[in-house]
Amino acid sequence: MARCLTLAELGQSTVSPNPMVGAVVLDAEGRVVGEGYHQKAGEAHAEVFALNQAGASAKGGTLYVNLEPCNHHGRTPPCTQMIVAAGIQRVVCGTLDPNPLVAGSGRDMLQNSRISVRYGFLEKECKQLNEKFFHYILNKTPFVTVKLGMTLDGKVANRHGESQWITGSFARQYVHYLRHQYDAILSTATTVMADDPKLNVRDVANIRKQPVRIVLDRQFKLNVDRYQIFKGDQPAWIVTSAIHHNKQNAQKAKALGIKVIKIDEAGGVLDLKALFAQLALENIASVFVEAGGGLTSSILNEGLAQKYYLFYAPKTLQDTMSKPAFGQAFQLELPDASQLEIIETRQLEQDWVIEARPFVKPKAKTGNGNGNTTAASSHVNGASGVTHLGVVGDY
């Protein structure tokens, strides 16, 4: 199963919105006779490559795969049919597929064909590998990750908006490695105007696919001829308000191959929930957010992110007018402070990065007077007790 996971990772960045899957075939004597992985969305699945390599040696053998084989017709035929036809006698899968089109039907079909099926091996690792796919399938929204590079006192830019460079070159290279794992990179017009970033993947070996670059420009004020993000043949999208939609700018953008998406507003800014729902419909299964405090603060307080990468440089700006990492103004009581659960910390030369996810408060049990207990409701990220005082930033 560990070998399946290693193979599956080779499909990173090219299989989305499909999951990463690797497969290994053993013959009846337990010898490895075939391996394969899902290489690209719309093309053959991992089981097909492994079984084709195994050929007749697969008969009476065992198939290992990190995700339940599919049993439906999509862009490719069901893998279960090929497994049965190959004469496989035993299938071991890491975890079942949450996709409603599969969700145990692959297992059931194989078992009904007198094939032994076992699952739940390295299940935690199998689910972690495809955490973006699992979230996308179950929630119909992209897996959202927020990246912030800041000083030790939590500043992402000085008072003039300058941020190049807070972190060192090794940390910046690691960001490119992370970008390569996502379908889209999301930023704002404010960030584009301040930094003129390319927001693409560079300095990474074997770049197989560039993510879509998406800019939130509520008032459609960006000059698409001016900024690097709109140049070259890499895909770029602009998200604008349905209220402030500028037809002339939209026509100019489309002429340059830039996709324009209109989203409704909520509270004077773009409706982020509606945006992520729309991106899911566009087959964007994962989004990497690189922006300033206004957008990142809204994402945090609306509970829209599944992961955070917080990069800290050993520097301090010591300026109350400099730009904070989470820049939205709130009146927030300390017990309701947004809380993150740290997954891992690591040092990148002189910098540090914290990988974290939203902390979900456990459901408290309360007595009901007769000795029984019931689970009380809980909230995530301090969503209650928050009084909005204003919005910093424009998206």
Same cluster for [X] and [Y] if Ile/Leu/Val/Met/Phe/Trp/Tyr side chains link at under 4.5 Å?
X	Y	result
Met193	Leu256	yes
Val33	Tyr64	no
Leu96	Val117	no
Phe220	Ile261	no
Val146	Leu310	yes

Give, for atom [atom1] of [X] and atom [atom2] of [Y], the distance between the pair rounded to the nearest 0.5 Å.
X	Y	atom1	atom2	result
Ile238	Ile214	CD1	CD1	11.5 Å
Glu123	Thr95	CD	OG1	4.0 Å
Arg3	Tyr37	CZ	OH	11.0 Å
Leu110	Ile115	CG	CD1	5.0 Å
Asn112	Ser105	CG	OG	11.0 Å
Lys198	Lys231	NZ	NZ	10.5 Å

Backbone N/O of [Y] and side chain of [X]: donor-acceptor pair under 3.5 Å:
X	Y	answer
Arg208	Thr14	no
Asp351	Gly168	yes
Asp195	Pro197	no
Glu355	Ile343	no
Thr188	Leu216	no
Asn66	Gly22	yes
Glu290	Ser187	no
Asp196	Gln228	yes
Thr345	Ile354	no
Asp27	Gly61	no

Answer yes or no: is there a side-chain heavy-atom contact under 4.5 Å between [X] and [Y]?
X	Y	result
Ser241	Leu270	yes
Asn130	Tyr136	no
Phe133	Val21	no
Glu131	Gln306	no
Phe276	Leu186	yes
Thr167	Val175	no
Arg90	Leu26	no
Pro211	Phe288	no

Exercise: identify the closest heavy-atom pair between [X] and [Y]:
X	Y	result
Leu279	Pro142	CB-CG, 4.0 Å
Tyr182	Tyr309	OH-CE1, 4.4 Å
Ala23	Leu7	O-CD1, 3.6 Å
Ala189	Lys221	CB-CE, 4.3 Å
Cys126	Gly94	SG-CA, 3.6 Å
Ile88	Val25	CD1-CG1, 4.2 Å

Check: Ser16/Asp183 side-chain N/O donor and acceptor closer than 3.5 Å =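 Looking only at side-chain atoms, Asp183 and Ser16 do form a donor-acceptor pair, the distance falling under 3.5 Å.
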[X] atom [atom1], over 12 foreign heavy atoms within 6.0 Å:
X	atom1	result
Lys262	NZ	no
Asp225	CG	yes
Arg114	CZ	no

Can Arg172 and Asp203 be said to form a salt bridge (charged side-chain N to carboxylate O under 4.0 Å, His left out), step by step?
-> CA-CA 10 Å; Arg172 297 198 299 272; Asp203 303 324; over 6 Å; no
Arg179: which of Val204, Ile207, Leu199 passes side-chain contact (heavy atoms from CB on, under 4.5 Å) |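 That would be Leu199; it is the only one of Val204, Ile207, Leu199 passing the side-chain contact (heavy atoms from CB on, under 4.5 Å) with Arg179.
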Residue pair Val192, Leu222: steps toward the side-chain contact (heavy atoms from CB on, under 4.5 Å) verdict | CA-CA 9 Å; Val192 170; Leu222 288 178; 4.3 Å; yes
Quick one: ring-ring contact (aromatic ring centres under 6.0 Å, His included) pairs with a partner in residues 105-130, sequence neighbours left out?
->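 Pairs touching residues 105-130 that pass the test: none.
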In chain order, what residues pass the salt bridge (Lys or Arg N to Asp or Glu O under 4.0 Å) check against Glu341, with sequence neighbours excluded?
->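 Scan of Glu341 (salt bridge (Lys or Arg N to Asp or Glu O under 4.0 Å), adjacent residues dropped) gives Arg357.
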Partner set under salt bridge (Lys or Arg N to Asp or Glu O under 4.0 Å) for Glu9, not counting sequence neighbours =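 Per chain and number, Glu9 pairs via salt bridge (Lys or Arg N to Asp or Glu O under 4.0 Å) with no residue.
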Is Lys127 positioned over the aromatic face of Phe134, cation under 6.0 angstrom from the ring centre and no more than 45 degrees off axis?
->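 Lys127 over Phe134 ring: no.
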Pick one: which of Gln234, Gln210, His176 meets side-chain hydrogen bond (donor to acceptor under 3.5 Å, both in side chains) with Asn200?
->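 Among Gln234, Gln210, His176, the one that satisfies the side-chain hydrogen bond (donor to acceptor under 3.5 Å, both in side chains) with Asn200 is Gln234.
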Please lay out, stage by stage, how Thr80 and Asn71 fare under the test side chain to side chain donor-acceptor pair (under 3.5 Å).
-> CA-CA 6 Å; Thr80 51; Asn71 188 44; 2.7 Å; yes
Val215 and Tyr227: CA distance, side-chain angles, deciding distance, side-chain contact (heavy atoms from CB on, under 4.5 Å) verdict = CA-CA 11 Å; Val215 181; Tyr227 298 101; over 6 Å; no
Take His135 and Thr141, measure what side chain to side chain donor-acceptor pair (under 3.5 Å) needs, and give me the verdict at the end.
-> CA-CA 7 Å; His135 176 85; Thr141 60; 3.3 Å; yes
Taking the six-membered ring for Trp and the full ring for Phe, Tyr or His, determine whether the centres of Tyr177 and Tyr174 are under 6.0 Å apart.
->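 Here the rings of Tyr174 and Tyr177 have centres that are less than 6.0 Å from each other.
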Salt-bridge present (Glu302, Lys273; N to O < 4.0 Å) =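 Result for this pair is no, no salt bridge flagged.
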Could you check Glu125 against Met1 for side-chain contact (heavy atoms from CB on, under 4.5 Å), going step by step and ending with a plain yes or no?
-> CA-CA 10 Å; Glu125 291 83 353; Met1 192 58 66; over 6 Å; no
Go through the steps for Tyr312 and Met150 under the test side-chain contact (heavy atoms from CB on, under 4.5 Å), then give the verdict.
-> CA-CA 5 Å; Tyr312 285 91; Met150 68 191 90; 3.4 Å; yes
